[in-house]
Amino acid sequence: MSETTVRRAGNRVFVAAVVLACVWVLVPIYLLLVNALSAPAEVTGFPKRFWPSFDLASIRFFLGFRGVTSALWNSVQVAVLTMVMAIAAGAPAGYALARFDFPGKQLFRFMVVMTRAFPLPLLALPLAVLFIRVGLDDTVLGLAFVHTTLALPFAVLITYSLFSGIPYELEEAALTLGCNRVQAFLKVVLPLAAPGIAASAVFAFVISWNEVFASAVLTIEHRTLTAFLLQSLDVSPLPLKFAGGAALVLPALGFIFAVRKYLFAMWGIANR
Amino acid sequence: MTFNRLRSTALVAGILLMAGPALAEPLFWSTQAKPVEETQRMREQVLAGFPGGVDYQPSDEGPWITRIQAEAQAGRGTIAVLGGLHGDLSSLGANLVDLSGIDVSAVGPAMVELGRLGTTEQKYIPWMQATYLMVANKKALPYLPAGADINALSYDQFIAWTKALAEGTGGPKFGFPAGPRGLKHRFFQGFLLPSYTGSTVTEFRSAEAEVAWNKFKELWAYTNPASTGYGFMQEQLLTEEVWVAFDHVARIADAFNQRPDDFVAFPAPAGPKGRAFMPVLAGIAVPTTAPDKAQALALVAFMLKPETQIATLRATNFFPVIATDMPADMPPSVRASAAAIAAMTGAADALPALLPMGLGDKGGQFSQIYTDTFERIVLNGQPVRAVLDEEAAVLRALMIEANAPCWAPDAASDGPCPVK
């Protein structure tokens with residue numbers, strides 16, 4: 001075998017792998033969308049049509065369902081608050097872990113991960129009691145606090161590895177050239193770390209977006225979309241499951257699409 | 001820049017929402033009518049008639065009970081009225097207000113008694129009831145054994161029917177909800193075992209129970225093997241993956257409502273001891289932490305009115321707990337189910353087997369024993385006698401631990417229900 005045939009075969013394997021990966025991700029989303037946009041009778045029918053009939057009965061019922069739009073808005077609020085709080089608390093912690101040696105550093109790293117060790121159904125009862133007593137019960141802010149706790153370990157550890165990867169010499173150079181510590185951080189380190197911070201923010205957003213149990217217990221009037229839908233969707237007819245599934249997936253997809261530049265940058269893929 | 005703007009917007013939004021709206025509507029916190037369409041109908045057709053409106057919120061059992069416990073512990077709550085199955089409510093006794101003031105004269109005395117949860121107080125008021133039925137695609141009817149009456153089948157005839165179907169169509173056509181969300185344990189507790197043994201608990205390991213499980217193994221040979229993933233049989237009936245199925249009336253309703261002319265509902269088969277079936281009862285209760293008790297009691301009384309009961313039937317496919325005339329324009333699922341329920345409950349050999357009671361929070365473990373027995377005997381092929389002996393020991397220990405007396409059809413007992 002000549003070198004070119006080997007390379008060509010390698011290329012083919014590569015292309016096949018890429019196609020497989022795309023199919024793996026795209027086919028479920030495609031089926032979700034096709035079924036969401038089909039008339040209820042077509043959803044249970046077989047064979048499926050390649051193009052949906054764009055019958056909006058399922059979607060219309062779904063959007064007309066009391067509370068869907070406000071639940072969507074609640075979800076966005078909680079997720080954005082979670083994202084902001086997780087980064088506001090997590091990035092400085094990650095920076096401190098990466099740059100300074102202090103007593104109890106190992107313990108701290110361990111304790112941060114520990115917050116993920118307790119199952120939420122166990123924590124939900126005492127949390128709900130506490131929240132009712134202090135008046136945080138059934139508020140977007142209260143739920144965002146819980147989600148921040150869940151997202152924080154990831155925010156701390158991602159930013160920790162991020163800041164560790166940026167040479168301290170760059171900061172020292174900035175310091176010798178007249179920056180103070182804050183300026184050195186803002187002008188040198190932050191621009192380099194921004195894509196990674198954005199990525200961990202997206203992560204926090206997705207954690208909050210997907211969380212069900214705490215949302216279901218801690219909120220009643222201010223249900224998030226996930227809690228609102230997962231409670232009722234799994235026992236609903238198929239056409240509505242597809243409509244609801246599409247409604248859950250699309251905003252998260254849209255958000256990730258909007259910040260894809262930063263995600264790609266974090267993985268070192270050039271993006272024009 | 002954008003981060004700062006986002007943060008300030010989010011904080012402002014968060015602070016605005018801290019206040020929250022004033023809660024005027026009573027909050028109806030329920031484990032029933034969870035499917036979105038049923039929820040919508042509960043709100044628009046049933047509860048819209050209550051003066052001032054009602055905030056109906058269905059929830060999974062886990063969050064449902066956690067929330068109630070949290071409010072009870074905090075000593076302050078937003079929930080006005082609780083809705084749930086007998087089993088959901090039975091563990092909440094201490095947190096429920098006595099509802100003896102509500103007029104329940106129209107409700108059957110057996111159901112009212114269930115609502116006392118073994119105390120002298122009326123802990124909950126019966127709200128609606130349902131049961132389980134068999135459904136067949138009309139295409140399956142020609143395969144019925146000669147001389148069999150679909151409204152009075154025996155288990156032997158039923159198995160012969162599924163056998164004829166499997167052989168005549170080239171594949172098993174009976175579907176059984178044995179998936180994680182399926183209600184298989186109710187079939188064993190309320191249908192199969194009582195039909196053969198006249199008992200759910202006491203005769204668990206009797207020779208008759210052995211016969212019953214061997215019959216079910218026979219039936220399983222003509223059951224679609226994908227049954228171990230089935231939850232709501234209406235889906236497989238509509239896709240025609242199965243032609244005959246057993247499930248809760250609420251979980252077959254969609255089949256009738258989408259294609260009313262294609263399906264028939266019929267009573268569960270009968271065994272040597274009778275035609276056993278399990279009635280399901282849901283109740284409404286008021287937690288001690290309800291913000292406005294007078295309003296909550298008014299809502300409970302409203303749910304018992306005949307027109308509310310009929311509206312509830314339309315919305316949820318759960319049947320009224322009071323005797324009332326059925327309007328002629330009921331949906332196809334209601335008409336089909338009502339006829340089959342009448343045939344089943346009115347049969348000469350009818351044998352009602354109630355939902356487990358007195359088990360408190362052990363209800364899940366109780367059902368698990370029946371599920372385990374099914375999985376070991378039918379799915380794993382372990383010897384019936386040995387499995388029944390082992391599981392009977394577990395069941396005996398559980399009944400003693402829960403100190404639960406027998407319920408129908410088992411004969412009443414002093415102390416925990418014995419397992420022979």
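The analysis underlying the following values was restricted to heavy atoms, covering all of them including side chains, and did not include hydrogens, waters or symmetry mates. All chains are named by letter (A, B, ...) in the order of the sequence lines, taking the proteins before the strands, and each is independently numbered beginning at 1.
Of the two parts of Q57(B), only the side chain, counted from C-beta on, holds a non-hydrogen atom closer than 4.5 Å to a non-hydrogen atom of chain A. Only the side chain of W29(B) comes within less than 4.5 Å of a heavy atom in chain A; its backbone stays farther off. Looking at R76(B), both its backbone and its side chain come within 4.5 Å of chain A, counting heavy atoms on both sides.
Screening I132(A), D138(A), I220(A) for a side chain to side chain contact (heavy atoms under 4.5 Å, CB included) involving T78(B) leaves a single residue, I220(A).
R223(A) approaches S59(B) most closely through the heavy-atom pair NH2-CB, 4.1 Å.
The distance from the CG atom of L125(A) to the CD1 atom of I68(B) is 11.5 Å, given to the nearest 0.5 Å. Taking CG of L218(A) as the start and CZ of R67(B) as the end, the distance is 7.5 Å to the nearest 0.5 Å.
For the options Q69(B), Q73(B), Q40(B), E71(B), heavy-atom pairs under 4.5 Å to chain A are most numerous at Q40(B).
Remark: K293(B) NZ is packed, more than 12 non-hydrogen atoms of other residues, nucleotides or ligands lying under 6.0 Å away.
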